[in-house]
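Encoded as structure tokens, the structure appears first; notes follow it.
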Amino acid sequence: MTPKQGSSSHYRGEAVESVSELNRRYGIPDQVSFCQDPGGFIHVDVKNSWASARIALQGAQLTDWVPKGEAPVIWLSKEASFQKGKSIRGGAPVCWPWFGPHESQRDFPAHGFARTALWEISRVESRSDGSTHLVFRLPEAAFPKNQWAHATTLENHITIGSSLEVDLVTHNLGNQPVTIGQALHTYFQVGDIRTVRLLGLEECVYLDKVAGGVRKIQKGPVNFTEETDRIYLGATGDVLIEDPLMKRQIRVTKNGSTSTVVWNPWIEKSEKMGDMGDEGYLHMVCVENANAAEDVVTLAPGAEHHLWVRYTTA
Ligand code: TA6
């Protein structure tokens, strides 16, 4: 793809296609359209009989999902800054090809480089069940060779229908095994974190990152009374986010992962982060399907890994 006249990009690699070009090639009248905000960010807006959604081309990051007749499910900070190459606070960030800080290179970006890179759209489908399926791919030029010398491809498949599905697909095209850590670092909108409970992690071992990573066992539902930052291990079942204030349950069903990350920064950490907004922490919880800690994935040459998740509201 050659740089387009009038395109502007401060990302590594190729320039973006213009919005008009994207709409010509991938737009679907009254269902899928591309727009560009004043800062140059390109967003995909999806609207169908089931829901509306918005996805930033940077990071192929979902930033909004509103099932028809319901309140928004995804939390986006009021202080989220859409600056090219900078992570967006909220939505469903793609953490790849490592989770958290890089294991040896402290100057490498936390949670990998995929979420701040400019992705490409490669397919858009309007399906017979009324859902919309979009496939994003990370262009080869967006892989920083000094951080990732492996021959891998990365696609993000997002399906907006009666539920929301996200499938992060890594393909090892090289002739050596490749180990990846990853997560869909999704921020869910809640009425008040102090009344929220998570069901489905009972009796799981977890690494308590607030307590230096010590191993603990989850007794009963997860509730929130302070900064909470945990990697649950052996976690394969559904997680239910119970939200009494919004009178809603969000079910997180996953595949390709046995680690689930649960995070709320609470008061002090939020203030240090600076982009959580006033009392933003009260209205969000992260439940992340991951391959983190001992659950990192090693792909044999030619192998694919799918980190798949489905969000359903009730
Ligand atoms: O998923 C939880 C976590 O790893 C926390 O430790 C915190 O760092 C959070 O991710 C946010 O990370 P970010 O790089 O987006 O500020």
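Counting convention: from 1, in listed order, for ligands and their atoms alike.
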Is a side-chain donor-acceptor pair under 3.5 Å present for S33 with K47? no

Can you pull out the closest protein heavy atom to atom 16 (O) of ligand 1? Residue, atom name and distance to 0.1 Å, please. R89 NH2, 2.9 Å

Proximal atoms of ligand 1 relative to H111 (non-hydrogen, under 4.0 Å): 3 (C), 4 (O), 10 (O), 12 (O), 14 (O)

Give a yes or no on whether the ring-centroid distance for Y281 and W266 is below 6.0 angstrom. yes

Ligand-side contact atoms (ligand 1) for residue partner V261, heavy atom cut-off under 4.0 Å: 1 (O)

Among K269, R115, H185, E288, the residue with a heavy atom nearest to atom 15 (O) of ligand 1 is R115

closest protein heavy atom to atom 4 (O) of ligand 1 is K209 NZ, 3.2 Å

Side-chain (Q218) to main-chain (G220) donor-acceptor, under 3.5 angstrom: yes

Among all protein non-hydrogen atoms, which one is nearest to atom 11 (C) of ligand 1, and what is the separation to 0.1 Å? W263 CH2, 3.7 Å

I'd like to check which ligand 1 atoms, numbered from 1 as shown, lie under 4.0 Å from a non-hydrogen atom of F99. 1 (O), 4 (O)

Within-shell test, M273 vs ligand 1, heavy atom, strictly < 4.0 Å: no

Atom 6 (O) of ligand 1: closest protein heavy atom, distance to 0.1 Å, is D229 OD2, 2.6 Å

Trace of the salt bridge (charged side-chain N to carboxylate O under 4.0 Å, His left out) decision for R197 with E242: CA-CA 5 Å; R197 298 195 316 166; E242 272 193 343; 2.9 Å; yes

Side-chain ion pair, E70 and K68, N-O less than 4.0 Å: no

Under a 4.0 Å N-O cut-off, is there an ion pair linking D243 with R248? no

Whether N23 side chain and G27 backbone form a donor-acceptor pair below 3.5 Å: no

